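Note sheet for the following structure.
All values below come from the heavy atoms of this structure, side chains included, with hydrogens, waters and symmetry mates left out. Predicted model, so just to flag it, every value in this text is computed and none were measured.
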Amino acid sequence: MFRSDVRQYLSVYLVMDLSGHEGKSALEIARAALDGGVTMIQLREKKAPLSRVIEEGRALRELCRKYGVPFLVNDRVDVALALNADGVHVGQDDLPGSEARKLLGVDKIIGISAGTMAEAEWAMAQGADYLGVGAVYSTLTKGDAGAPIGTGLISEIKQRWPHISMVGIGGIDASNASPVIQAGADGVAVVSAIVRQSDPCLAARQLKQEICPGRS
């Protein structure tokens, strides 16, 4: 039900694992972030046992349902199916978006990462509902993110495909989010800017104020 208007849910896009931070569980962080205005959540969990991913992922999915925001799973289409998630986000080396679509059906969101124009072209050909472009700034959160590319690629993609939905990702927080939006992104995807803050609700609210001035 979210796919047809995915753009409106991209403004403050939280990517998180199942680890607790600052004495809070993943579920507590997610709830606080949603209270602060997060508009989409992606579960990106690489290390936890699958049984835990399913159990806690289901709780996160139900929380997102309560708040009326999409819940996506990173990479794992099988996990997305098991959780009845609202979609998946895949990288260039993961299951191609066209294959994910066959498995998930026409109603689910498929986001695809892009760090070059060639990768953006491939993602578009695969039927991406939105692009995750980056790493915009330097980041330590994702070890394989590569060197930062700045906001130029976002501008180039927007010029070539004005109607594509897009988020910037990589090293973004409230202090540097505005240039990403000015370049043409519909929102920002963040990890540390929310999950590693002592007050995730306040962090999410401050980020949203930078992205959507005048809106709480």
Side-chain angles (χ1 to χ4, degrees), residues 1-18 26-45 53 56-77 79-80 83-91 94 97 100 104 107-114 123 127-136 139 141-142 154 164-170 172-174 177 180-181 184-197 200-201 203-212 215-216:
M1 65 176 179
F2 296 112
R3 185 189 177 201
S4 61
D5 53 358
V6 65
R7 188 187 307 273
Q8 71 170 319
Y9 296 103
L10 295 175
S11 57
V12 185
Y13 185 167
L14 174 60
V15 181
M16 64 183 301
D17 59 20
L18 296 177
L27 195 64
E28 288 172 326
I29 292 169
R31 183 178 291 110
L34 289 163
D35 284 337
V38 158
T39 54
M40 184 182 288
I41 289 181
Q42 177 193 138
L43 175 60
R44 185 173 73 193
E45 178 55 64
V53 173
E56 297 191 34
R58 188 169 288 124
L60 285 170
R61 180 205 66 196
E62 290 305 310
L63 183 65
C64 288
R65 294 279 194 277
K66 177 181 176 182
Y67 281 81
V69 305
F71 172 72
L72 273 64
V73 173
N74 181 264
D75 294 354
R76 297 288 301 269
V77 175
V79 173
L83 293 177
N84 191 23
D86 299 301
V88 295
H89 185 94
V90 294
D94 300 320
L104 293 173
D107 295 327
K108 301 297 185 178
I109 298 167
I110 295 179
I112 302 179
S113 299
D129 293 309
Y130 75 87
L131 303 181
V133 183
V136 176
T139 176
T141 303
K142 194 170 187 288
I154 293 173
I164 184 62
S165 299
M166 182 169 35
V167 292
I169 188 169
I172 300 170
D173 57 29
V180 181
I181 304 302
D186 299 291
V188 298
V190 302
V191 184
S192 299
I194 292 178
V195 300
R196 291 189 172 87
Q197 305 307 307
C201 179
R205 184 176 296 120
Q206 291 174 336
L207 192 57
K208 191 165 190 177
Q209 287 171 350
E210 289 299 316
I211 295 166
C212 311
R215 293 166 55 186
S216 59

Residues two or more places apart in sequence or in another chain: which of them pass salt bridge (charged side-chain N to carboxylate O under 4.0 Å, His left out) with R61?
none
Could R196 and D173 be called an ion pair, given the rule that one side-chain N must be under 4.0 Å from one carboxylate O?
no
Hey, is the main chain of I110 close enough, under 3.5 Å, to the side chain of D129 for a donor-acceptor pair?
yes
Can you name the residues that form a side chain to side chain donor-acceptor pair (under 3.5 Å) with D107, not counting sequence neighbours?
none
Taking K208 for its side chain and G36 for its backbone only, find out whether a donor-acceptor pair lies under 3.5 Å.
no
With no hydrogens and no angle check, is any side-chain donor or acceptor of D86 less than 3.5 Å from a backbone partner on F71?
yes
The side chain to side chain donor-acceptor pair (under 3.5 Å) partners of Y130 (sequence neighbours excluded) come to Y13, H89
Please name all residues satisfying salt bridge (charged side-chain N to carboxylate O under 4.0 Å, His left out) with D75, sequence neighbours left out, ordered by chain then number.
K46
Non-hydrogen atoms of I194 and A33 that approach each other most closely:
CG2-CB, 3.8 Å
For the backbone of Y9 and the side chain of T39, can you confirm whether one donor and one acceptor N or O come within less than 3.5 Å of each other?
yes
Residues that D186 engages under side chain to side chain donor-acceptor pair (under 3.5 Å), provided they are two or more places apart:
R7
Can you tell me how far apart CG (D17) and CD (Q42) are? Round to the nearest 0.5 Å.
11.0 Å
Locate the shortest heavy-atom distance separating R44 from V191; write the atom from each residue and the value.
NH2-CG2, 3.8 Å
To the nearest 0.5 Å, atom SG of C201 lies from atom CG of D35 at 5.5 Å
Could you work out, with side chain to side chain contact (heavy atoms under 4.5 Å, CB included) as the rule, every residue matching A177, not counting sequence neighbours?
I172, V188, L207, I211
